[in-house]
Amino acid sequence: AKSRGRSGYQFHNAEQSARARERVRLDGDLRRAIERNELELHYQPKVRVSDGGVVGAEALLRWRRGGGALVPPDRFIPVAEDTGLIVPIGEWVLRTACETAVAWNAHQPPGAAALKIAVNLSPRQFWSPHFVGMVRAVLHDSGCRPEWIELEMTESLLIDSRGQVAAILAELRQLGFTLAIDDFGTGYSALGYLTRFPITTLKIDRSFVNEVATQPARAGIVRAVVGMGHSLGLELVAEGVEDADQAAALRQMGCHLAQGWLYGRPVPRAEFERLQAAVLGP
Ligand code: C2E
Ligand code: CA
Ligand code: CA
Ligand code: CA
């Protein structure tokens, strides 16, 4: 029993250290990713549920590790969040999204609604010492108007006990950004923050949208969230819309905007521009 216990312990240890070594490698490679131009921003269309018209895109980060295969964000963002690398990476994301927004909106005919790009913020980035100053600098350097950018954050960031969360959100909102709660419904949903903070948008999590046409209980939750959003004057975005039945259910409920494979997958900027040439103008 004793030796089994020991080998069990050693096995556990070996597995742990293999995982730790992999993280160190990942971290080292990621550190060089920015300078080596291995990061890419892909864009997924956001559409009006009523008529499918494209109103903008969500920017989603990809890493072409060593110039080879694309690493999905779920694989490296948690590591970057732990090590703090998410701070320079997040700045690169915002800068790149702002430059894209400038290019897309340069050609919009006067009077046409601006195309808006949604950018994901991570908590570590939000709490970095010069976050708002960095944001202002990126706006200034790129010539991007804050109305062209929506900042997405998860509920966990908002229920942070640090008092400054309200002050930082107020500053971002005053600059002119819209502020979205990502994955709405999957966090603690302490609804008080919806009135305490200047939130403009709720993104209903894919796990609810998935079954909005097939699961009455899920549909009930989505209907309730949409109703609450309407009465609070919030914009509602459904994530992960994959089929026409889901779109029809969301339309009937009065959800404003949607994203998902039904309308388009995340693609590199050049491909997005090719696919949306009619929307993006000359
Ligand atoms: P998210 O912000 O909730 O992004 C939505 C995810 O759903 C994306 O995964 C997108 O590709 C995927 N998706 C979109 N439509 C559909 C659909 O119809 N069906 C299904 N099954 N999936 C769909 P992705 O690109 O792998 O991103 C995963 C997460 O990584 C994001 O979740 C976000 O939390 C994080 N992330 C991505 N880019 C960034 C970034 O620039 N900064 C930060 N901090 N996080 C990012
Ligand atoms: Ca998001
Ligand atoms: Ca989401
Ligand atoms: Ca997510």
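Every number for a ligand or one of its atoms is a count from 1 in the order of the listing.
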[Y] side chain reached by [X] side chain, heavy atoms, under 4.5 Å:
| X | Y | result |
| --- | --- | --- |
| L179 | E152 | no |
| V55 | V47 | no |
| V119 | V93 | yes |
| T200 | F177 | no |
| D183 | E155 | no |
| L169 | M153 | yes |
| F184 | D205 | no |
| R31 | R36 | no |

What N, O or S atom of D182 is found closest to the Ca ion (ligand 3)?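 The closest N, O or S atom of D182 to the Ca ion (ligand 3) is OD1.
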Among the N, O or S atoms of D183, the one nearest the Ca ion (ligand 3):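 Going through the N, O and S atoms of D183 one by one, OD1 ends up nearest to the Ca ion (ligand 3).
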Metal site the Ca ion (ligand 3): N/O/S of D205 inside 3.0 Å: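 Within the cut-off used here (under 3.0 Å), D205 places no N, O or S atom near the Ca ion (ligand 3).
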Whether R95 and E91 form a salt bridge (side-chain N of Lys/Arg under 4.0 Å from carboxylate O of Asp/Glu) is what I want to check.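 Salt bridge present between E91 and R95.
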Closest candidate by heavy atom, reference atom 20 (C) of ligand 1, pool Q125, E242, Q259: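 It is E242 that holds the nearest heavy atom.
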Ignoring hydrogens and geometry beyond distance, is a side-chain donor-acceptor pair present between [X] and [Y] at under 3.5 Å?
| X | Y | answer |
| --- | --- | --- |
| Q44 | H42 | no |
| N120 | E58 | yes |
| E81 | S122 | yes |
| E38 | W63 | yes |

Which atoms of ligand 1 are found less than 4.0 Å from any heavy atom of [X]?
| X | value |
| --- | --- |
| E239 | 3 (O) |
| E58 | 2 (O), 4 (O) |
| Q44 | 14 (C), 15 (N) |
| N120 | 2 (O), 38 (N), 39 (C), 40 (C), 42 (N), 43 (C), 44 (N), 45 (N), 46 (C) |
| D183 | 3 (O) |
| G240 | 16 (C), 17 (C), 18 (O) |
| G260 | 15 (N), 18 (O) |
| D182 | 1 (P), 2 (O), 3 (O) |

Specify whether F126 and F131 have parallel, tilted or perpendicular ring planes, treating 30° as the upper limit for parallel and 60° as the lower limit for perpendicular.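 Tilted.
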Residue part near ligand 1, for [X], under 4.0 Å between non-hydrogen atoms:
| X | result |
| --- | --- |
| L262 | neither |
| V93 | side chain |
| S122 | both |
| T154 | neither |
| R62 | side chain |
| K203 | neither |
| R265 | neither |
| I89 | neither |

Side chain Q246, main chain E242, donor-acceptor under 3.5 Å: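 Yes, Q246 side chain to E242 backbone: donor-acceptor pair under 3.5 Å.
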Evaluate R206 for polar contact with ligand 1, using N/O atom pairs at a separation under 3.5 Å.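 By distance alone, the answer is yes.
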Heteroatom proximity flag, A59 to ligand 1, N/O under 3.5 Å: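 It does not: no N or O of A59 is found under 3.5 Å from an N or O of ligand 1.
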Provide the atom name of the closest N, O or S atom of E58 relative to the Ca ion (ligand 2).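 Minimum-distance N/O/S atom of E58 relative to the Ca ion (ligand 2) is OE2.
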From the N, O or S atoms in E152, identify the one nearest to the Ca ion (ligand 2).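 Nearest N/O/S atom of E152: OE1.
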Does at least one non-hydrogen atom of [X] fall below 4.0 angstrom from an atom of ligand 1?
| X | result |
| --- | --- |
| G90 | no |
| P72 | no |
| H42 | no |

Tell me if the aromatic rings of W104 and F272 count as close, with their centers under 6.0 Å from one another.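 Between F272 and W104, which both carry aromatic rings, the centre distance is below 6.0 Å.
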